[in-house]
Structure formats: C-alpha cells, structure tokens
Amino acid sequence: MSIFLRRSLRSRLLSSNNFKLFLTNYFDSSQTINHRRHFSDNLFHSVCFRSTSLLTENRCYGYGYSHRQHHQSTCRRFFASEAAATAAQRSTSDGLTVEGILANNWNILDDNESDWKSHASAVAQSIHLIKRRLQWKKLKVRLDMLSVQLNKADLWDDPVHAGNISREHGTLMGKVKEVNALEQELLEHIDMIKLARDENDSELESESLKALRDMRKNAKEKELEALLAGEQDSCSCFIEVQAGAGGTESMDWAAMVMQMYKSWAHRRGYNVTVIDEMPGEIAGIKRATIKVDGEFAFGYAKAEVGVHRLVRISPFDSNKRRHTSFAAVAVIPILGDGSSRVQINESDLRIERFRSGGPGGQHANTTESAIRIIHIPTGITATCQNERSQHQNKASAMAVLKSRLDQLEMARQAQLNSQHTQSLTDITWGSQIRSYVLHPYRMVKDLRTNYEVSDPDSVLEGDIDGFILSYLSATLDKEDSDA
Amino acid sequence: MKLALSTVYCPHRFSNLFRPSVFTALWSPICSSELSSYSPTYVKPQFHVPLFLRPPIYSAKLCDLRKWRDWAEGVASSIGSSFVQSDNGPDSSILCRELKWLIEDVVEDHSQFPQTGLENGDDDDMRVKMRANLEELYGLWKQRITERRPFQYIVGCEHWRDLVLSVQEGVLIPRPETELIVDFVCDVVSNNEDLKRGMWADLGTGSGAIAIGIGRVLENAGRVIATDLSPVAVSVAGYNVQRYCLKEKIEIKEGSWFEPLKDMEGRLAGLVSNPPYIPSKDISGLQAEVGRHEPRVALDGGIDGMDALFHLCDGAALFLKPGGFFAFETNGEQQCRTLVEYMENNRGGSLHNFEIRSDFAGIQRFVIGFHK
Ligand SMILES: C[S@@+](CC[C@H](N)C(=O)[O-])C[C@H]1O[C@@H](n2cnc3c(N)ncnc32)[C@H](O)[C@@H]1O
C-alpha cells in the first residue's frame, strides 16, 4: 500500500471526532456506566424482542419499532440478571449465527450500498476481530477461573487479593457483555430486516437497514478500542529515553526523541512533567524521564518501547559525514492507587542527595535539590531533580521508584507482554524498532510493521499515532495467531 | 519607576501593607480573611511581594521575551563552572534551570508554554502577560550573574517542602537540609498524641519555614511559638504564616532565643532550631550568594559556631516538659559530637536519648533527643 494511502487513511481515522471520543471514553469509569447501559439496552432489547418475536411474532409485527421500545422497557426488568453473560449460541429466528455469517463469506461492499448481507458481513468481521484482539478464548478461560475464585468462601481473608480478583472479573465481564451485546444486536437487525421483507413493509426494511449500517460504523470503531484492552492500558505512564553510544551525536538524538514524545503527548491532551533529565555535555540528553498523565497514555506509549535509530548528516561533524545514532525508549505504567503490586518498606530505602562537595547547610545556597532513592533489596533506583524543593523531588522520585518496582513485579508475574515491561537496562541495542532516515533520502519506517512515512519532520513533531496504531493492531493480531 | 511595584514602602510595619489596595488580594491567595488583624507597631523599611504573587500588569511580545531568555541563557552558559571553582557556586546548568523557573514565576499563564520555556507559541507578535517588565527582567538577571544575588531573593520565594515561602534580603533562605527537621517532628508526634497536642517552639525562625512545617504536622492539635531577633524575619515569617492560614496556630515573637518564652519553663512539648552555626572565621570565605547577601546574624555562630547551640541546649533542659522532644541543626559531624558530649556532661540529668542524624548528602547534621 502506498505511503500516501496509509497516511490519508490514518488522518481520516484520527480526524474523526468519534474515534477520539470513543478512545477516550472507552474505559473512563464514569463513562463506562453509560456505555454499559447503552450496550445492555441493546442486549435486553434483543433478548426481549427475540422472545417476543418468536412467541408473538404476529402481534409484535405491525407496531414497528415504537412498540418494541415500549415492550423492551417492560421486559428489561425480567431479564436484567440472567441476560447478562449467557454464552448460549445466539442465532436469528431462522438459525443464522455470527459464525454462520462469517462462513458465508458474503461480499463486503462499500458501506453506502444498501445490501444487508454486506453490512452484516462487515459487522461480523468486526466482531471477529474484536474477539481476536481481546484474546477471546483465553479471556473466557480466565473469566471462568476468576468466577471460581470469587465464589470461594475464604476469598476476602486477603482483601487486597480479593479486590484485584473482583476488579479484574468486573473488567473482563464488561468486555464479554459488550461483545455478546454486539452479536445480539447484529442478529436482531437481521431478524428485523427479514421480517420486514416477509411482510413487505418497506419502511421498516429501510429503517432496519439503516440501523444495521449505523451498527457497522460503530463496530468498526470498537475494533480500534479493542486495541487498548490491556489491564494497564488506561494508566498514565513514565517514558524514559536514553542515548546510545556515540556521544553528542546520540545525546542530541535522544533529546529529539524525547521532544517527539512531549509533542505527541501534548497533541493528545496529556499532561507532561519532566521528572529527571541528565543533559549531555555539549548538547542533548544522556537520559531523561517524563511523566505522561492521561487516559491510555500507557496503552499507546507502550508501542514505542525499543531502540530508535537515526541516520543523518551530523550537525556536530565539521566534515558533514553521515552518522547513525541510537536512542532507547522504555515505558512504565503508573498503576492507580490500590492496584499497586508492591509494598515498600522505609527501611529498605536509601535516600541520597547529589552532593556538590563542601559542608552544605547554611554554607551553601543552591537551587539544586535532586534526590535519588535506592531500593536496597532490588538495587532499583529513581531520581528526580526537576522539582523546586527537595521534598517534592523526593516525592516524585518515590513515585518513579514505586512504578519501577510495580513493573518489576508485573514482569515477574508475566502478566504483561514481556517486551513492554523492559526497563532501559534490559533493552538491548540490537532490538531496533524504528528507523528515521534524514539523509540521503527521507523516511521513517517501523521495522516491526513496515509502516512507513516519508515526512520525518511531522513524525519528529509528534505525529506518531499511525505508527502506534499499526503496531498495536499488528501485535494483537499476531499474538492471536500465535496462540 | 522600575522597581515601584516590586517594593512597597511601608512607614509602619503593616499599616500600608495590609491597607486595602491592589495587592491585598494577591498577598493572601491562600488565606485572605485574616489580613486586617495585624496592628502597626513599629517601623519596617520595605517589604517585597514575591514575584509570582504580583499582578500581571505588564506584557511583552513573545519574540522580545524570547530574546531576553536567549540573552540570559547565553550569559548563564558563559559562566561554565567558574563559580563552582571560585566558591562552590552554581554552574551554568543550575543557572539555566533557575532561568526556567524565573520565567515560570514571571509569565502569567505559564501553561501556554508547557514545554521548555517559551518554545510553544508560534506567533512572535503574541503578547504575553507578565508580572514584571522586560527591563526589570534584564536587571534581575544581571544581578543574579554579576552580583551573585541569590535566585530566591530575585523571585522573592523559596520552594521548601510542599510550601512556597516568601523570602527577601534580611531573611535567611531556608535550606533543603532543614526540611528534615519537620520529618523528625512528624515521626515523633505520629505515635505520641501528647506531644502532638502540646506547645512547640521554633527559635530563630527566619522565614518561618520550620514553624509552618510543624504547624501543619500538628494539624488541629498543638501550637507553635516562633521567635527571631530580626524584625525583618519576624515580619516575613508573619506574612508566610498568614499565607498558610496558620495565624491561630503559630505565634511569632520578636526577641532573643528563649527571652520571648518567659513563663513557658517546663511546658514545651518540643523545641526545634536551626540557629546560626558557621564559625566566624569561615564567614569571609562563604559562597558569594550566602556571604554577600544573606544576613550575618543568621549565619555567624561565634568563634567555633556553637554559641547559640550551647545556649539552646541549656534552654532545652529548662523549657521542655518531661518527655519533650528537641532537634537542632548543626554545621556537621564535629558540632554534632561536641553538642552531644556537652549535653551528656552538663545536661545529662534532664536530657537523654541523644541521636545524631545525617542529611541526605550523608553529612551528620542534626542532634535530636528527649527530656527525661
Ligand atoms: C540559620 S537562620 C535559620 C532560619 C530558619 N529557621 C530556617 O531554618 O530557615 C538563624 C536565624 O536565627 C536568628 N537569630 C540570630 N540570633 C538570634 C537570637 N539571638 N535570637 C533569636 N533569633 C536569632 C536569625 O535572625 C536567623 O533568622
């Protein structure tokens, strides 16, 4: 596919307000309720409707949608509990299932063609993809396991563990319900269309067809949402960049990479705070850590973990030779309060301040109050120097340390894709993920997905969503086929 | 005219200061209800409003502001490590960071420039609202570099713990090391309700830093008396106490050490102090920011720097109640040891459980202990 096409596809996706809205709303807890309600409505609606349509088809027909809506609200009460996650094979009144639709391989036409089979097939494809991205089979197994644990009598003997179990159960259950609701809705639209055709009700038919077409768009958006379904995806995060070998050249590159993330975060409306920055002697940075605050910051940024390579004519080389520089990127999720994996003992910490020499205290006036905290049992350290008081530097360094220890623990439990849990020290300089070429030609290419862009400037100005999304979908789809 | 708004001339200590004016609201963004209750007592020459609390009545074109910034950065870079070599002063990277903070304090809506200073605005002609004009900024940065005027005096504040304290010439800029005294108190009162509810004293309070830190740690329980010999310190501390709404809790008294605490003998739950402790002979060799600009009375601790510390130990024996806690900051290992020795030999009858604590740079800095 040409770069141009990809770029325009991407910009279309990103410029769609819906897309942004959905991504930001998806797991926002305050929104989830609405969202669920929306889904549940559809779900209950379908269950109710299907039971009526099977049993009392004649009566139902002819009252059209308005009757249905009325009816739906009455039967919602009865089905509220059991309807939730029943995994029974759903089908239309004449026995068509979602798998059946997929197997039929109906032609998928442009979405303004009014062919219901095409729409239905497109929706079924989306559902299929969403399931793959959610790792559906694994997810169901995990959900069953969690349900078993939730029913154990002694569960709450360990409240932290119980809290984690019930939280995860709730999250997974929510996803299952949403997917079930999508399937139900699809089948229901098909039923409706068939019904309308049988009865020669062209108004109902076009109404139902339109509903199905709307659903097609909606399902397409959900495909993207499913990219960020990981447990930590909705977290804020720290992004760390470290210069590779090569002195000033690489330090300058590391600073450019960090700037790219700052701009990216800014575009996305995230809040950026510099936590720690070790400047290079002549230019750039040796290493830096920023905190990126906002929903899904980790979900997106985790796609950036690895080594980024730059090829250019060096601005630091008087002979104008071509240079290759490297910068490593690590991303650490910041778990919300309460979901932290580790308990830190004060006595395990050594807190240090960079000592400028001299007797300190009243002798010295300094605005330098950087703090380094060392977790003695693991040797993990965290540094903050960007706050204006020592106390605040200590608090920030503590937050970084906590996240690093959490990450270590998660890696230990192997709950995350191991790659995303790499700390800077783990990243081997061999694992390049992306190449930025400014000379002799201009191109940025992701070595994992082959996604490429011919305008490095825009990328370095933070336009990296295309890389992120293509990587996320590629990995999820790959994970699935590996499984 | 240049400094007209940064300096308010007050014939009486607080009369003009708290007269309703354009500043009234700005002086007390944290707590505004208690301003009128200070009564004028005697003359204090000047009071500086911290830069970040001044009204944003100036503006500059973004390009001009950048020009100033670039100039200031250039000046800072040219310093290299020469200050470090001459007297352990700041190097250019520290100066550049100070410059960034100066911009943060002076530009009204700093969130317009979320990243490195001023890069984000595209529009050169855009006007930026500021709390000082460009001319003043040039002057301030010149003072920073050529006179080595401390950054904290330039912006009129110091970030200390989670506080932003007003400081000005005549008042010692609180040091990061001293933050730990509040942590010690926090630890002690966290498992001793009696001490938490008691009366605490911070002697030689300067900007009021320790007193305010402790006042917040004690929450709604205890109270703090803070004393200082210097009238400037007393008024600046009063202002800071006011800003943190602690007027009911912290009483500031002018006078020498224990003198304002008469009839408190045997009643203090805690006593803390960071008294002047630098030996007189070392004063002349101090880092320029300190030696040339900070008040000698806040630094000079006599021949071996221990004059005030000994006096405080004697007072601790007399003023603390049974079980009461004390913490003093010192010049380092030598003074810590001498002090503990002194107390063991001379005050061992009333004080005990002495401990020497280090600061985060690993220097033995504090002596703490209890009344028997
Ligand atoms: C090193 S400064 C400490 C200020 C403040 N406590 C701090 O930590 O930032 C010492 C303080 O003691 C005050 N001081 C000096 N001699 C004093 C005395 N005889 N009685 C009371 N205070 C005195 C000085 O004015 C100065 O504010």
Side-chain angles (χ1 to χ4, degrees), chain A residues 255 258-267 269-274 277-283 285 288 290 292-293 346 349-374 385-395 397 461-462, chain B residues 84 87-91 93-98 101 104 114-116 119-120 148 150-152 157-164 172-173 175-180 182-183 213 274 276-278 282 285-291 293-294 298-299 301 305 329-332 359-363 365:
Chain A
M258 192 44 112
Q259 188 52 45
M260 174 172 87
Y261 292 129
K262 286 180 183 169
S263 314
W264 167 76
H266 192 232
R267 281 163 182 247
Y270 294 142
N271 213 355
V272 178
T273 334
V274 179
E277 198 169 72
M278 210 185 187
E281 286 85 8
I282 296 166
I285 51 171
I290 58 170
V292 182
D293 265 308
E346 280 283 325
L349 300 179
R350 190 164 75 237
I351 301 174
E352 288 178 353
R353 170 177 171 199
F354 296 122
R355 196 170 161 174
S356 57
Q362 288 165 19
H363 291 261
N365 171 282
T366 179
T367 45
E368 164 69 80
S369 62
I371 283 288
R372 173 167 55 220
I373 308 183
I374 300 140
Q385 55 187 232
N386 218 59
E387 301 284 347
R388 278 168 81 162
S389 89
Q390 174 178 273
H391 185 82
Q392 310 282 46
N393 274 327
K394 187 179 147 207
E461 280 159 20
Chain B
V84 181
D87 59 13
N88 217 358
D91 65 9
S93 72
I94 289 181
L95 291 169
C96 285
R97 188 162 55 208
E98 291 178 2
W101 290 339
E104 249 171 58
Q115 295 171 18
T116 46
E119 300 334 318
N120 245 53
R148 303 278 302 273
F151 170 73
Q152 297 90 337
C157 73
E158 165 72 337
H159 291 233
W160 191 83
R161 290 187 70 85
D162 50 350
L163 309 169
V164 184
L172 185 103
I173 298 157
R175 306 291 198 254
E177 286 88 345
T178 312
E179 289 182 348
L180 277 175
V182 180
D183 288 338
N274 171 23
Y277 55 60
I278 298 179
D282 295 346
L286 284 173
Q287 181 193 340
E289 280 81 0
V290 181
H293 297 271
E294 295 199 296
L299 303 165
E329 184 174 321
T330 77
N331 200 26
D359 60 25
F360 288 146
I363 298 176
R365 177 70 62 197

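Heavy atoms only: backbone and side chains are in, while hydrogens, waters and symmetry mates are out. We name chains A, B, ... by the order of the sequence lines, and we start the count at 1 in each one.
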In short, A:H391 meets B:E179 closest at the heavy-atom pair N-OE1, 2.9 Å
On a heavy-atom basis, the closest approach of B:F360 and A:I371 is CD1-CD1, 3.6 Å
If you count heavy-atom pairs under 4.5 Å between each of [options] and chain A, which one has the most?
options	answer
B:L299, B:D162, B:L95, B:L180	B:D162
B:I173, B:V290, B:D282	B:V290
B:D87, B:L172, B:N331	B:N331
B:R175, B:E158, B:E329	B:R175

Measuring heavy-atom distances to chain A, does [X] have an atom under 4.5 Å in its side chain, in its backbone, in both, or in neither?
X	answer
B:D359	neither
B:A288	neither
B:C157	side chain
B:P90	neither
B:L286	side chain

Turns out that what part of A:Q385 lies under 4.5 Å from chain B's heavy atoms comes down to both
Okay, A:N271 and chain B: the region with an atom under 4.5 Å from a heavy atom over there is neither
**OP:** Give the C-alpha distance, both sets of side-chain angles, the deciding distance and a yes or no for side chain to side chain contact (heavy atoms under 4.5 Å, CB included) between A:R388 and B:E104.
**Re:** CA-CA 11 Å; A:R388 278 168 81 162; B:E104 249 171 58; 3.8 Å; yes
Is the backbone of B:R161 close enough, under 3.5 Å, to the side chain of A:S389 for a donor and an acceptor to pair up by distance? yes
Open item on the list: Test your reading of the model: is there a side-chain donor-acceptor pair from B:E289 to the backbone of A:N365, 3.5 Å cut-off?
Closed with: no
Which one, [options], leads in non-hydrogen pairs under 4.5 Å with chain B?
options	result
A:T273, A:N393, A:T367	A:T367
A:E352, A:R350, A:E368, A:H363	A:H363
A:G361, A:P279, A:G360	A:G361

CG of A:N386 to CH2 of B:W101, rounded to nearest 0.5 Å, is 7.0 Å
Distance col, row A:T366:OG1 vs B:E98:CD, nearest 0.5 angstrom, shows 7.5 Å
Which of A:R353, A:Q390, A:Q362 passes side-chain hydrogen bond (donor to acceptor under 3.5 Å, both in side chains) with B:E177? Answer is A:R353
> Got a sec: does the CD1 of A:I282 have more than 12 other heavy atoms crowding it under 6.0 Å?
Replying inline: no
